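Working notes, structure below.
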Amino acid sequence: MPQVIGVPKETTAGEKRVATVPEVVEKLIKLGFSVKVESGAGDAADCSDESYRAAGAQIADSAAKLWAESDIVFKIGVPSAEEVGLMHEGQTLITFIWPAQNPELMQQLAARKVTVLAIDALPRMLSRAQKMDALTSQAGVAGYRAVIEAANAFGRFFNGQITAAGKVQPAKVFIAGAGVAGLAAIGTAASLGAIVRANDTRAEVADQVVSLGGEFVKVDYEEEGSGGGGYAKVMSEGFQQAQREMYAKQAREVDIIITTALIPGKPAPRLITAEMVKSMKAGSVIVDMAAERGGNCELTEPGKAVVKHGVTIVGYTDLASRLAKQSSTLYGTNLFRLTEELCKTKDGVINVNMEDDAIRGLTVVKEGNITWPPPPLKLPAPPPAKAAMPPKAPKHGEASAPASATRTAVMFGIAALAFWFVGANAPAAFLGHFTVFVLAVFVGYMVVWNVTPALHTPLMSVTNAISSIIAIGALVQIAPPMMGGTVARPEAWIHWLAWVGIALTAVNMFGGFAVTQRMLQMFRK
């Protein structure tokens, strides 16, 4: 019999997101499941009860009824003590758990003899797990929203402008941490026209920062900062001192600082001190995305936006929730992809397969037994290095490399003798035309035939240049020079052929410019 997926209303204060949206409900039903949604669960995310009904879901009048009638429960926030009390044996819960930070909750869930999949425990290094990675999807939304909050508090343009009232300098934004949230913030701030700088302990993200329009600010200290799983590690005291000096310099120069630095299982590292805040220009803004874990700024007050020393410090802990519709849609899609992995038979019944590395990593409680932490992943061994291939012996009658070079030299020698013979015996006029022909063939090959398909725009520029040469030659034919005191008129067919050449090359040149402009417009906003 198909299992029932229940979606309760979130109980965390200020939470506007919902664990699934009507568009995803339709997909879950196609997998064979029944879906029940608590009344009002999606109101804050612009998902009404009517839209859920239209998608095929049933509406439960109360949380108690929904928990009692659901085999699987989709949530976002960590379950409260009241919600744990509503769970029944054999039920499956999929939500954020943070097992390392909530050992007591783990014991309570195990006592209810349920199965719990912590979406935050997904092994992110598995490439096939990316479609289920809710941490990434929510961090991307939060990074975008952080820039919006900064722009709201900043009170000035992000992009530079030249107006009748004067010149407006672009805002300077520094982003500490170039993980998923940081990269989303970099892209958003750059698209708004700001001068964006960023730093991260992982040197390998520098190219990603530059590709999004930012400048990577390197700490003058050599140390590897990757901690595995896409996170950074705790750095040495020497590195941290050099990093603080760099942050102090950026604080004096920039208008906005966005901090995103988090290390799993540890309090947020303090990156921005009170002295750095005092050194910032009046009206500057700090958005502390790590406020929920204590904050990267010493003066952050979690959940609030405060003004200290003339600097607005935004410490909101619900950035993703402030874009509830978007974040709910992404989260619901992540859970749908997970459900696909759990229900490969598409019969509406999940199978928590502990042999699957991704599912095993997610499962923190299995039928009342705590299974967290999971065993280390068995990553495939790197392919063995290929042995160097011995040089291929030439086949019988096949020329070797020196022989090929000799043959090329002989061919050039024969060609040179042929040119000498033609030059010694042919009329002078023929020799001039023949030389122009050879050069034209060479130039045509180099600038047209030898151009790669990826360089169409340079090709058009070259053909325009060739067309200009043709036009000049045609003009010379139309208006020949004086010879012996009289004008040497060309034959009629040469005269009219020159006019046709001018007309065709003019069409080619102006058409080339028009096509180039159309192509450039495609890349402009």
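Just so you know, these numbers come straight off a predicted model, no measurement behind them.
One side chain, E15 or S321, offers a donor N or O that lies under 3.5 Å from an acceptor on the other. With no hydrogens or angles considered, no side-chain donor-acceptor pair links T273 and R244 at under 3.5 Å.
Residues A150 and I256 approach most closely at CB-CG2, 3.8 Å, considering heavy atoms. Closest heavy-atom contact between N159 and V168: O-CG1, 4.4 Å. Nearest heavy atoms, K325 versus T329: O-OG1, 2.8 Å. Looking at every heavy atom in both residues, P123 comes nearest to A358 through CD-O, 3.7 Å. T312 approaches A153 most closely through the heavy-atom pair CG2-CB, 4.0 Å. Residues T345 and V349 approach most closely at OG1-O, 4.5 Å, considering heavy atoms.
Relative ring orientation between F96 and W98 is described as parallel, the plane-to-plane angle staying below 30° on a 0-90° scale split at 30° and 60°.
The pair R112-E367 does not meet the salt-bridge criterion, since no charged nitrogen lies less than 4.0 angstrom from a carboxylate oxygen. Between E253 and R197, at least one side-chain N (NZ, or NE/NH1/NH2) sits under 4.0 Å from a carboxylate O, which counts as a salt bridge.
Within the 4.5 Å cutoff, the side chain of I195 has no heavy atoms near those of the V173 side chain. Looking at T259 and C297, their side chains never come closer than 4.5 Å, going by heavy atoms from C-beta outward. Side-chain contact between L122 and L135 is absent, with no heavy-atom pair separated by less than 4.5 Å.
Annotation: cation-pi pair R322/Y316 present, NZ/CZ under 6.0 Å from the ring centroid and within 45° of its normal. For the pair R360 and W372, the cation-pi criterion (under 6.0 Å, within 45° of the ring axis) is not fulfilled.
Around the CZ atom of F157, the shell of radius 6.0 Å holds no more than 12 heavy atoms that belong to other residues, nucleotides or ligands. In Q101, the CD atom is crowded: over 12 heavy atoms of neighbouring residues, nucleotides or ligands sit closer than 6.0 Å. The number of heavy atoms from other shown groups lying within 6.0 Å of NZ (K218) is above 12. Annotation: E237, atom CD; neighbour count of heavy atoms from other residues, nucleotides and ligands within 6.0 Å is above 12. For NZ of K113, the number of neighbouring non-hydrogen atoms (other residues, nucleotides, ligands) closer than 6.0 Å is 12 at most.
For the atom pair I94 CD1 and L362 CG, the distance stands at 8.5 Å (nearest 0.5 Å). Within the model, atoms OG of S284 and CZ of F154 stand 7.0 Å from one another, a figure rounded to the nearest 0.5 Å. A distance of 10.5 Å separates CD of E83 from CG of L109, quoted to the nearest 0.5 Å. With rounding to the nearest 0.5 Å, the separation of CD1 in I186 from OG in S191 is 12.0 Å. The distance from atom OG1 of T260 to atom CG of L271, rounded to the nearest 0.5 Å, is 9.0 Å.
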> Do V35 and V4 pass the side chain to side chain contact (heavy atoms under 4.5 Å, CB included) test, and can you show the C-alpha distance, the side-chain angles, and the key distance before you say yes or no?
Replying inline: CA-CA 6 Å; V35 181; V4 177; over 6 Å; no
> Going through the checks in order, is the side-chain hydrogen bond (donor to acceptor under 3.5 Å, both in side chains) test met by D49 and S39?
Replying inline: CA-CA 6 Å; D49 291 350; S39 180; 2.8 Å; yes
>> Apply side chain to side chain contact (heavy atoms under 4.5 Å, CB included) to residues E292 and L262 and explain how you reach the verdict.
In response: CA-CA 10 Å; E292 191 173 2; L262 281 174; over 6 Å; no
> Checking side chain to side chain contact (heavy atoms under 4.5 Å, CB included) for the pair V114/V116: CA distance, chi angles, key distance, verdict?
Replying inline: CA-CA 6 Å; V114 297; V116 180; 3.8 Å; yes
> For I257 and V285, what are the C-alpha separation, side-chain angles and deciding distance, and is it a side chain to side chain contact (heavy atoms under 4.5 Å, CB included)?
Replying inline: CA-CA 6 Å; I257 295 178; V285 179; over 6 Å; no
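Panel note: side chain E301, backbone G315; no donor-acceptor pair is recorded below 3.5 Å. A donor-acceptor pair is defined here as one N or O able to donate and one able to accept, closer than 3.5 Å; no such pair exists between the side chain of S70 and the backbone of I5. In this structure, S62 contributes its side chain and K65 its backbone to a donor-acceptor pair below 3.5 Å.
The list of salt bridge (Lys or Arg N to Asp or Glu O under 4.0 Å) pairs with a residue in residues 280-291, not counting sequence neighbours, reads D255-K281. Sorted by first and then second residue, the salt bridge (Lys or Arg N to Asp or Glu O under 4.0 Å) pairs with a member in residues 332-343 read R128-E341, K131-E341, R337-E340, E341-K344; sequence neighbours excluded. Evaluation of the salt bridge (Lys or Arg N to Asp or Glu O under 4.0 Å) test over residues 26-46, restricted to residues two or more places apart or in two chains, returns K36-E69.
Test V21, T20, V141 against S328 for side chain to side chain contact (heavy atoms under 4.5 Å, CB included) and you get one pass: V21.
Close placement of the F174 and Y247 rings is indicated, their centers lying within 6.0 Å of each other.
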